[in-house]
Participant: 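Sharing a structure, written as structure tokens. Questions coming.
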Amino acid sequence: PGFLYFFKYPLAGSTSGEYLPVATTRPETILGDTAVAVHPEDVRYQQYIGREVEVPMSGGRRIKVIADTYVDMEFGTGALKITPGHDPNDYEIGKRCNLDLINIMNKDATLNAAAGKYEGMDRFVARKTLWADMESAGLVLKKENYTVRAPRSQRSGEIVEPLLSEQWFVRMEPLAKPALAAVADGRITILPDRFAKTYNTWLENIKDWCISRQLWWGHRIPVWYVFDSQAAADEAEGGRCDRYVVARNDMDALSLAQKQYGKTVVLRQETDVLDTWFSSGLWPFSTLGWPEEEAADMRTFYPTQVMETGHDILFFWVARMIMMGLEFTGEVPFHTVYLHGLVRDEKGRKMSKSLGNVVDPLEVIGLYGTDALRFTMATGTSAGQDLNLNLDRVTANRNFTNKLWNAGKFILFQLDRAQAAEAAVGGQEAAAHAGPAAAAADFSSPEALAGLPLAERWIVSRLHQVVDEVTERHAKYDFNAAGITVYSFFWDEFADWFIEASKSRAPGTPEGRVSLAVAVYVFDRVLRLLHPFMPFVTEELWQAIPHTGPALITASWPTGGAARCSTATAQWEAAQGVVRAVRNARADYNVEVGKKVAAQLVVADPVERAALESELQVIMLLAKLDPAQTQVVGVASTTETGTDGNLASISLVVKEGVQVIIPMAGLFDVAKELSRLTKQRTKLQKDLDGIMAKLNNPKFMEKASQEYVVEAQGQQAEAAEKLAMVVSKMAQVQAMA
């Protein structure tokens, strides 16, 4: 919060008290004004353009009224005081209009001799004093409350004052053109590609870069001032003069200076340091032995391949690395720029101490693990989009890590069982061979795949498909989709279906050996696919299971284009459909969890029937079917109604040509189920009656907001639908009585 000060700028030589009304947020800077600007089309002030006005409290110093299109006719009074020495926008106007530059302020924010009688005052004290003097002189119009956009120091919180000073600049246009060309001709690709437009806009409108900083740390600017004697160097203000040389080091600087100015010169190096972003821009090659272009690291690692960083420093860092790389080495520093988003809190706000919403990654790692946090960050959003970090998502990915760990434990447990079974038959030598045999198995060829049972053929086919998809996603830098694809495959297919199905294979049998080898084969490839996202848990698990090679981090990426079997995929999906249909029926009729039920699988196609029959043990295990009362047939041998007319069985259609028939006899306690459904119906009816009472009440409808009425109507529809489902279910159960 601040003020907008309105005051009079008297017209020089006016005998009638004419003035221009001007507004400012910093009255003390009036003392540094060198013009008053108006818009050339502003009819209020056109007559004053070219005339002179007197600077208030300056002792009669006169400045001109100028015209410039920068002036906003709608803001303040439409007349703008121009202070080139203390405002960057005014500085640009001053350059365009060739105005004087007056600095009224010292570096400690006190006013200097150019401020006249206000010299030595702090800027804010001078503001109050000057305004009071102007008020006494009749130059004040009014003062209004106004929100001021004042820059503040990040460290001290002090308001930063624009101030004229000598600085070192780099002329940017010659550097920007090659950097623009490198993206335009495809030598550099920026991802996501929408940021290429941002990059181009910045470089096409680039201004000269102030690279000097008045700090105690950093690379000192490689400029040496040249003096004729030590006495001259000691007397120079700030240790500077008009003569200087630019060199790589002290010895080179002295040699250059002596050649130009004689052998007796004395040098003093510039004390300013380079802007941090200037030093950072040198990073791709300065770390590799540059300027020695034949250095081993330089030849090996420059140019590099991918630069990954946040989109917020595309200009500050990335563009400058590109410009400097091209300028100093003649080559682009990398061929791809991959930009990630910023991490925000779960509400999308930028993290800050003042809001108290900063998430400490070390604390998160301590609670959830490094792998869970990494996976969340990598898969939480698409490229370039900001990530709203919700710890619930980190929790979910910790659970994924646990699932991965438990799958590894299961495979090791199965390996122990297999070794015990092999030892019982063939001794310790056979047992010792079980692990290496599983690690050596390769199912990538069509012949190897064709020899597998259906469940194993399906999971290996799906693995090979996932490897191709994930590899393609990585090639396109679509890391989010790559991670989610592996996640879904592992959890939804390998863990939930194949591991459960493999429990039907007895250890030590031919089927058990194949199943274990497939489990190791698939799990090994899953760990390789997940390793870039979750390096620690995957390395630990890979070292524990049978494997070849010293470490997962040096293992090869899974080979693409391996064999797949679409027939196996379709047949296994039919088996899954059977299991899901039975599970849904069990839930619908509230069948006891441990109770095994009878079922008849009706499969019209003989090939598909044979495939499902080959995996009947798996289907019975997963659907909890009674082996003594389960069969696979081509034509149904039971009817849905019994001799008494009541429902004898239910028919579950899985897909065309596949259905499951479940006899109702003894499936569940009809009386108990009817009692449960009756209580549910009573509750739903009560809820519905309450909602209807509101909607049928004229007073409620008159007072309630439209949004609330719509919400209540939605509740009515939902409750009515649930009630209808319960009533229908009761009718079905009663038909079984």
Side-chain angles (χ1 to χ4, degrees), residues 403-453 455-468 470-471 486 489-490 493-495 497-532 534-564:
K403 189 81 169 177
L404 200 66
W405 186 264
N406 290 334
K409 286 177 62 178
F410 172 79
I411 290 174
L412 293 174
F413 173 70
Q414 290 295 87
L415 181 61
D416 289 342
R417 292 182 66 199
Q419 289 173 333
E422 297 290 354
V425 177
Q428 291 302 316
E429 184 176 346
H433 182 66
D442 183 1
F443 303 104
S444 60
S445 69
E447 296 77 17
L449 183 65
L452 296 175
E456 284 74 13
R457 201 163 1 116
W458 162 74
I459 196 65
V460 170
S461 294
R462 284 290 298 124
L463 168 71
H464 293 164
Q465 182 180 351
V466 166
V467 167
D468 290 345
V470 172
T471 303
V486 187
F489 169 74
F490 168 76
E493 298 181 73
F494 181 72
W497 284 97
F498 179 73
I499 283 182
E500 295 304 314
S502 70
K503 294 176 182 178
S504 68
R505 319 297 200 203
T509 64
E511 296 83 3
R513 294 187 190 100
V514 170
S515 184
L516 178 60
V518 167
V520 172
Y521 176 82
V522 175
F523 194 59
D524 173 277
R525 273 65 180 177
V526 166
L527 294 178
R528 295 177 194 233
L529 295 177
L530 283 173
H531 189 63
M534 312 173 78
F536 302 104
V537 68
T538 53
E539 185 72 67
E540 188 78 13
L541 288 168
W542 194 79
Q543 294 291 343
I545 66 171
H547 64 274
T548 56
L552 178 56
I553 194 171
T554 61
S556 61
W557 186 256
T559 304
R564 305 182 202 172

Participant: Working to the nearest 0.5 Å, report the span between CG of Leu552 and CZ of Phe536.
Facilitator: 12.5 Å
Participant: Closest approach of Leu516 and Ala418, non-hydrogen atoms and distance?
Facilitator: CD2-CB, 3.8 Å
Participant: Quick check: are there more than 12 heavy atoms from other residues, nucleotides or ligands sitting under 6.0 Å from CD of Glu500?
Facilitator: yes
Participant: When you measure from the side chain of Asp468 to the backbone N and O of Gly560, does any donor-acceptor pair fall under 3.5 Å?
Facilitator: no
Participant: Could you pull out the closest heavy-atom pair between Ala517 and Ala441, with the gap in Å?
Facilitator: CB-CB, 3.9 Å
Participant: Taking 4.0 angstrom as the limit, do Arg462 and Glu493 come out as a salt bridge?
Facilitator: yes
Participant: The criterion is ring-ring contact (aromatic ring centres under 6.0 Å, His included); which residues satisfy it with Phe443, sequence neighbours excluded?
Facilitator: Tyr521
Participant: Could I get the full list of side chain to side chain donor-acceptor pair (under 3.5 Å) partners for His531, not counting sequence neighbours?
Facilitator: Thr538
Participant: Closest approach of Phe494 and Ala519, non-hydrogen atoms and distance?
Facilitator: CZ-O, 3.9 Å
Participant: Measure across Ser556 and Arg528 and return the closest heavy-atom pair with its distance rounded to 0.1 Å.
Facilitator: O-NH1, 2.8 Å
Participant: Name each donor-acceptor pair under 3.5 Å that joins a side chain in residues 408-417 to protein atoms two or more places apart or in another chain, with its distance.
Facilitator:
| unit_1 | atom_1 | unit_2 | atom_2 | d |
| --- | --- | --- | --- | --- |
| Gln414 | OE1 | Arg417 | NH1 | 3.1 |

Participant: I need the Leu463 CG to Arg564 CZ distance, nearest 0.5 Å.
Facilitator: 10.5 Å
Participant: Checking Arg457 side chain against Leu452 main chain: does a donor-acceptor pair fall under 3.5 Å?
Facilitator: yes
Participant: What are the two closest non-hydrogen atoms of Trp542 and Ala551, and how far apart are they?
Facilitator: CZ3-C, 3.3 Å
Participant: Applying ring-ring contact (aromatic ring centres under 6.0 Å, His included), name anything that partners Trp557, two or more places apart in sequence or on another chain.
Facilitator: His474
Participant: Quick one: closest heavy-atom pair of Glu456 and Arg505, and the distance?
Facilitator: OE1-NH2, 2.8 Å
Participant: Would Leu527 and Ile545 satisfy side-chain contact (heavy atoms from CB on, under 4.5 Å), going step by step from the backbone distance to the final call?
Facilitator: CA-CA 11 Å; Leu527 294 178; Ile545 66 171; 4.1 Å; yes
Participant: Are Pro558 and Leu529 side-chain neighbours, meaning at least one heavy-atom pair lies under 4.5 Å?
Facilitator: yes
Participant: Quick one: CZ on Phe498 to CZ on Phe523, what's the gap to the nearest 0.5 Å?
Facilitator: 12.5 Å
Participant: Please report the C-alpha distance between Ser461 and Leu449 in whole Å, then the side-chain angles of each, then the deciding distance to 0.1 Å, and finally whether the side-chain contact (heavy atoms from CB on, under 4.5 Å) criterion is met.
Facilitator: CA-CA 8 Å; Ser461 294; Leu449 183 65; 3.6 Å; yes
Participant: Residues in ring-ring contact (aromatic ring centres under 6.0 Å, His included) with Trp497, at least two apart?
Facilitator: none
Participant: Let me see the working for Met534 and Glu539 under side-chain contact (heavy atoms from CB on, under 4.5 Å), right down to the final yes or no.
Facilitator: CA-CA 9 Å; Met534 312 173 78; Glu539 185 72 67; over 6 Å; no
Participant: Please tell me if the side chains of Phe490 and Leu404 come closer than 4.5 Å, counting only heavy atoms from C-beta onward.
Facilitator: yes
Participant: Quick one: list whatever passes side chain to side chain donor-acceptor pair (under 3.5 Å) with Arg525, sequence neighbours left out.
Facilitator: none
Participant: Within the distance-only criterion (no hydrogens, no angle test), does the side chain of Ser502 pair as donor or acceptor with the backbone N or O of Ile499 below 3.5 angstrom?
Facilitator: yes
